[in-house]
J.: 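Quick one: the structure is below, questions incoming.
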Amino acid sequence: KESQAEKFLQQHMDPDTSTVTSSYCNEMMKHRNRTVGFCKPVITFIHQPLPDVQVICFQGNVRCKNGQSNCHQSSSKMRITDCRLKKGSKYPKCDYKTQQLQKSIIVACECVQYETVHFDGSV
Ligand code: PAX
């Protein structure tokens with residue numbers, strides 16, 4: 001079984017893409033998230049080298065949305081793409097809106113190797 005950290009990389013990392021087309025999210029959600037049973041409402045892909053994301057675990061500590069204290073906010077803005085499910089889109093036809101952004105991101109880190117495990121949001 002893949003670890004939480006591996007799942008994070010699989011679900012959120014796409015370092016090699018710099019410009020995305022309007023079909024980016026629909027393609028990525030199909031290939032990467034292999035949505036089974038339902039359409040995920042929102043997933044963010046991060047277009048930065050992996051070390052830039054790993055180091056966030058050593059940057060500003062913030063409270064997570066679920067009240068846990070293991071979230072960290074990136075000190076610099078990151079190139080990201082938000083994929084949001086379009087209204088009225090129904091499984092299995094998950095239809096996403098693609099939005100390229102430059103924002104600071106908030107991730108949860110676990111202590112074993114201090115790795116990113118959850119995407120908490122962007123600000
Ligand atoms: P997840 O499935 O919520 O958590 P995601 O990034 O894939 O994450 P497993 O063993 O898999 O159950 N973990 C934590 N989760 C939340 N908060 C803290 N502090 C925490 N610490 C550890 C992945 C694993 O991380 C563990 C948690 O137990 C999981 O372990 O987000 C819903 C999804 O939408 C994405 C991010 C989430 O998926 P929401 O709204 O509930 O926070 N998402 C959300 C996104 O990609 N972009 C966005 O802007 C937002 C808002």
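Ligands are counted one by one from 1 in listed order, and the atoms in each one are counted from 1 as well. On a predicted model such as this, the values are computed, not experimentally measured, just so you know.
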J.: Purely on distance, is any nitrogen or oxygen of Phe119 under 3.5 Å from one on ligand 1?
T.: yes
J.: List every atom of ligand 1 that sits less than 4.0 Å from any heavy atom of Asn66, numbering the atoms from 1 in the order shown and giving each element.
T.: 16 (C), 17 (N), 18 (C), 19 (N)
J.: If I take atom SG from residue Cys83 and atom CD from residue Glu27, how far apart are they, to the nearest 0.5 angstrom?
T.: 10.5 Å
J.: Give me the atom names and distance for the closest heavy-atom approach of His72 to Ile56.
T.: CB-O, 3.0 Å
J.: Can you tell if the side chain of Ile46 reaches within under 4.5 Å of the side chain of Phe8, non-hydrogen atoms only?
T.: yes
J.: If you have a sec, work out which protein heavy atom is nearest atom 21 (N) of ligand 1 and how many Å separate them, to one decimal?
T.: Asn70 ND2, 3.0 Å
J.: Do Ser74 and Ser104 have a side chain donor and acceptor closer than 3.5 Å?
T.: yes
J.: Can you check which of Gln4, Gln10, Arg63, Glu2 brings a heavy atom nearest to atom 10 (O) of ligand 1?
T.: Gln4
J.: Among all protein heavy atoms, pick out the one at the shortest distance from atom 44 (C) of ligand 1; state its residue, atom name and that distance to 0.1 Å.
T.: Val42 CG1, 4.0 Å
J.: Would you mind checking which non-hydrogen protein atom is closest to atom 42 (O) of ligand 1, with the distance to 0.1 Å?
T.: Lys65 NZ, 3.1 Å
J.: Is there a polar contact, in the sense of an N or O pair closer than 3.5 Å, between Lys7 and ligand 1?
T.: yes
J.: Is the closest protein non-hydrogen atom to atom 34 (O) of ligand 1 under 4.0 Å?
T.: yes
J.: Nearest protein heavy atom to atom 31 (O) of ligand 1, by residue and atom, and its distance?
T.: His118 CE1, 4.0 Å
J.: Looking at atom 1 (P) of ligand 1, would you say a protein heavy atom lies below 4.0 Å from it?
T.: yes
J.: Quick one: which ligand 1 atoms are inside 4.0 Å of a heavy atom on His12?
T.: 5 (P), 6 (O), 7 (O), 46 (O)
J.: Answer yes or no: is there a side-chain heavy-atom contact under 4.5 Å between Arg32 and Asp14?
T.: yes
J.: Please round to the nearest 0.5 Å and tell me the distance separating atom NE2 of His12 and atom NE2 of His118.
T.: 7.5 Å
J.: Which atoms from ligand 1 have a heavy atom of Glu110 less than 4.0 Å away?
T.: 21 (N), 22 (C)
J.: In the protein, which heavy atom is nearest to atom 23 (C) of ligand 1, and how far is it?
T.: Val117 O, 3.2 Å
J.: Cluster question for you: counting only ILVMFWY and a side-chain heavy-atom cut-off of under 4.5 Å, with indirect links fine, are Leu9 and Val107 together?
T.: yes
J.: For ligand 1, find out whether one of its N or O atoms is nearer than 3.5 Å to an N or O atom of Arg84.
T.: no
J.: Would one find an N or O of Asp82, backbone or side chain, under 3.5 Å from an N or O of ligand 1?
T.: no
J.: Is the number of heavy atoms from other residues, nucleotides or ligands within 6.0 Å of NZ (Lys103) greater than 12?
T.: yes
J.: Between Gln11 and ligand 1, does any nitrogen or oxygen pair lie at a separation below 3.5 Å?
T.: yes
J.: Does Met13 share a hydrophobic cluster with Met78, counting links as ILVMFWY side-chain heavy atoms below 4.5 Å and allowing steps through other members?
T.: yes
J.: Is there a disulfide (SG to SG under 2.5 Å) between Cys71 and Cys109? Walk through the geometry before answering.
T.: CA-CA 6 Å; Cys71 279; Cys109 302; over 6 Å; no
J.: Please tell me if the side chains of Cys25 and Thr81 come closer than 4.5 Å, counting only heavy atoms from C-beta onward.
T.: yes
J.: Check whether any N or O atom of Ala108, backbone or side chain, sits under 3.5 Å from an N or O atom of ligand 1, and answer yes or no.
T.: no
J.: Tell me, which protein residue and heavy-atom name are nearest atom 46 (O) of ligand 1, and how many Å apart are they?
T.: Thr44 N, 2.8 Å
J.: Hey, which atoms in ligand 1 end up nearer than 4.0 Å to a heavy atom of Cys64?
T.: 19 (N)
J.: By number and element, which atoms of ligand 1 are closer than 4.0 Å to a non-hydrogen atom of Ile43?
T.: 45 (C), 46 (O)
J.: Any heavy-atom pair between the side chains of Thr17 and Phe45 that's under 4.5 Å?
T.: no
